[in-house]
Amino acid sequence: MCQTLLETIPGRGMVEECQVAIPSREVAMILGKIERLKLLLSLALQASLMEFIETTCDELVTAGRNIEDIKAVISSLEINQRAHTKKIEEVQGNLTHLGTRLYDAANDVTDIRNTVDRNQEGQERQDVLNWLSAPEFDQKHAVAFGKHAAGTGEWFLRHTRFMAWQQGDYNALWCPGNPGVGKSVMA
């Protein structure tokens, strides 16, 4: 059979020349070593493959965890963004409300200032009118009469000019005098 196989191989002449007789016991040992090496190689490949699979699984689990962590961070960011957006909208609403209140307050201050100005102008006008108007003689006379003592000013009532004025000889009677000398009390 080996001979038949050798004949089918191209360049068989070279193979025939290299043929060496190997005892069958040696062949069995060599085949045993090959089987052991094959088994060791198979075990090494399986161990390497298992290590590769284990490492790959660990890396995939880590990657999965990282993906879950990233998803959680993204979700947290979305939640935070919604919360911040809500807070920003709330602050914007508060600022708008505050702006409206400040505008209203500014209008109120303007109204108050205008009212004060009108009142002040009115008071100034009233003061000018009071200053320009005739004095209230009844009140002043009552106060002066309360200060009058018996016999005060009788010399004046007996004076010739006063009597001539009283009889209609003069249209006016002018009585000059320093303040506090009794002109109002005599009137």
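These figures come from a predicted structure and were not determined experimentally.
- The distance from the CG atom of Asp69 to the OG atom of Ser76 is 12.0 Å, given to the nearest 0.5 Å.
- Not a single donor-acceptor pair under 3.5 Å links the side chain of Ser48 to the backbone N or O of Ala44.
- Considering CG of Leu40 and CZ of Arg36, their distance stands at 8.5 Å, rounded to 0.5 Å.
- The minimum heavy-atom distance between Trp165 and Asn171, with the atom names listed, is NE1-O, 4.0 Å.
- Side chains of Arg118 and Thr115: a donor on one and an acceptor on the other come within 3.5 Å.
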**Request:** Begin with the C-alpha distance, continue with both residues' side-chain angles, and end with the deciding distance and a verdict on side chain to side chain contact (heavy atoms under 4.5 Å, CB included) for Leu43 and Gln46.
**Result:** CA-CA 5 Å; Leu43 288 174; Gln46 284 179 356; 3.9 Å; yes
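- One distance of note links NZ of Lys86 with CD1 of Ile88; it measures 13.5 Å at 0.5 Å rounding.
- No side-chain N or O of Gln123 forms a donor-acceptor pair with one of Asn119 less than 3.5 Å apart.
- Both Tyr170 and Leu173 sit in one connected hydrophobic cluster of ILVMFWY residues. Membership requires side-chain heavy atoms under 4.5 Å apart, directly or through other members.
- For Glu68 and Lys71, the salt-bridge test passes: some basic side-chain N is under 4.0 Å from an acidic carboxylate O.
- Interatomic distance, Asp58 CG to Glu51 CD, rounded to the nearest 0.5 Å: 10.5 Å.
- If you chain together hydrophobic residues whose side chains sit under 4.5 Å apart, Ile112 and Tyr103 never meet in one group.
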**Message:** Applying salt bridge (Lys or Arg N to Asp or Glu O under 4.0 Å) to Glu90 and Lys87, what does each step give before you reach the verdict?
**Reply:** CA-CA 5 Å; Glu90 183 180 320; Lys87 291 226 183 256; 5.4 Å; no
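- Taking CG of Leu98 as the reference point, atom CG of Asn94 lies at 8.5 Å (rounded to 0.5 Å).
- In this structure, Lys33 NZ and Glu26 CD are separated by 9.5 Å, a value rounded to the nearest 0.5 Å.
- Within 6.0 Å of CD on Glu124 lie more than 12 heavy atoms contributed by other residues, nucleotides or ligands.
- Smallest separation of non-hydrogen atoms from Leu157 and Met163: O-CG, 3.9 Å.
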